[in-house]
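Shown next, in structure tokens, is the structure this report addresses.
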Amino acid sequence: MKSLTEKQRRFVNAYIKTGNAAEAARQAGYKASNADVIGRENLRKPTVRKALDARLKELEDAQIADAREVL
């Protein structure tokens, strides 16, 4: 499977923080004039989507207490 480019990695990190594809694209270094289009395109790319889902899963797992932690 193809790996992410540096801009795509920055996009994923920024999208996690902002939740806004256009703002994440701007923060990742894409041109402001077409950041909204690039942001939507990135969210549709399978490699970017997979990386984004993996990061969200990591964050979710870190927030959920397991049975040992509760006891």
Side-chain angles (χ1 to χ4, degrees):
M1 177 171 276
K2 190 175 96 172
S3 64
L4 298 177
T5 66
E6 182 59 33
K7 279 187 181 180
Q8 288 171 336
R9 276 191 220 96
R10 290 192 309 244
F11 173 82
V12 168
N13 292 332
Y15 187 77
I16 295 288
K17 293 176 188 172
T18 66
N20 183 304
E23 181 61 27
R26 279 190 283 282
Q27 289 181 14
Y30 293 98
K31 290 182 182 179
S33 61
N34 61 350
D36 56 336
V37 174
I38 296 295
R40 285 191 306 267
E41 286 177 0
N42 275 346
L43 289 177
R44 281 190 237 121
K45 292 179 181 175
T47 53
V48 174
R49 194 74 207 160
K50 185 175 180 180
L52 184 59
D53 290 343
R55 288 290 309 280
L56 288 172
K57 177 82 171 118
E58 287 174 15
L59 292 173
E60 182 181 325
D61 289 346
Q63 292 177 347
I64 297 175
D66 64 11
R68 286 173 283 160
E69 292 174 333
V70 171
L71 292 174

Problem - Salt-bridge criterion met for K57 and D53 (N-O under 4.0 Å) - result: no
Fill in the blank from the handout: In I38, V37, D36, the residue satisfying side-chain contact (heavy atoms from CB on, under 4.5 Å) with Y30 is I38
Problem - R44/E41 ion pair, N-O < 4.0 Å - result: no
Exercise for the section: Nearest 0.5 Å please: distance from the NZ atom of K17 over to the CD atom of Q27. Expected result: 7.5 Å
Completion exercise
Checking T47, L43, N42, N13 against L52 for side-chain contact (heavy atoms from CB on, under 4.5 Å), the one that qualifies is L43
Exercise for the section: Quick one: closest heavy-atom pair of F11 and A21, and the distance? Expected result: CE1-O, 3.4 Å
Completion exercise
Note: E23 and T18 closest approach over all heavy atoms is CG-CG2, 4.1 Å
Completion exercise
All heavy atoms of A22 vs all of A35, minimum pair found to be O-CB, 3.6 Å
Problem - Gap between atom CD1 of I16 and atom CD of E58 - 0.5 Å precision - result: 9.0 Å
Fill in the blank from the handout: Shortest non-hydrogen pair, R10 vs G29, comes out as NH2-CA, 4.3 Å
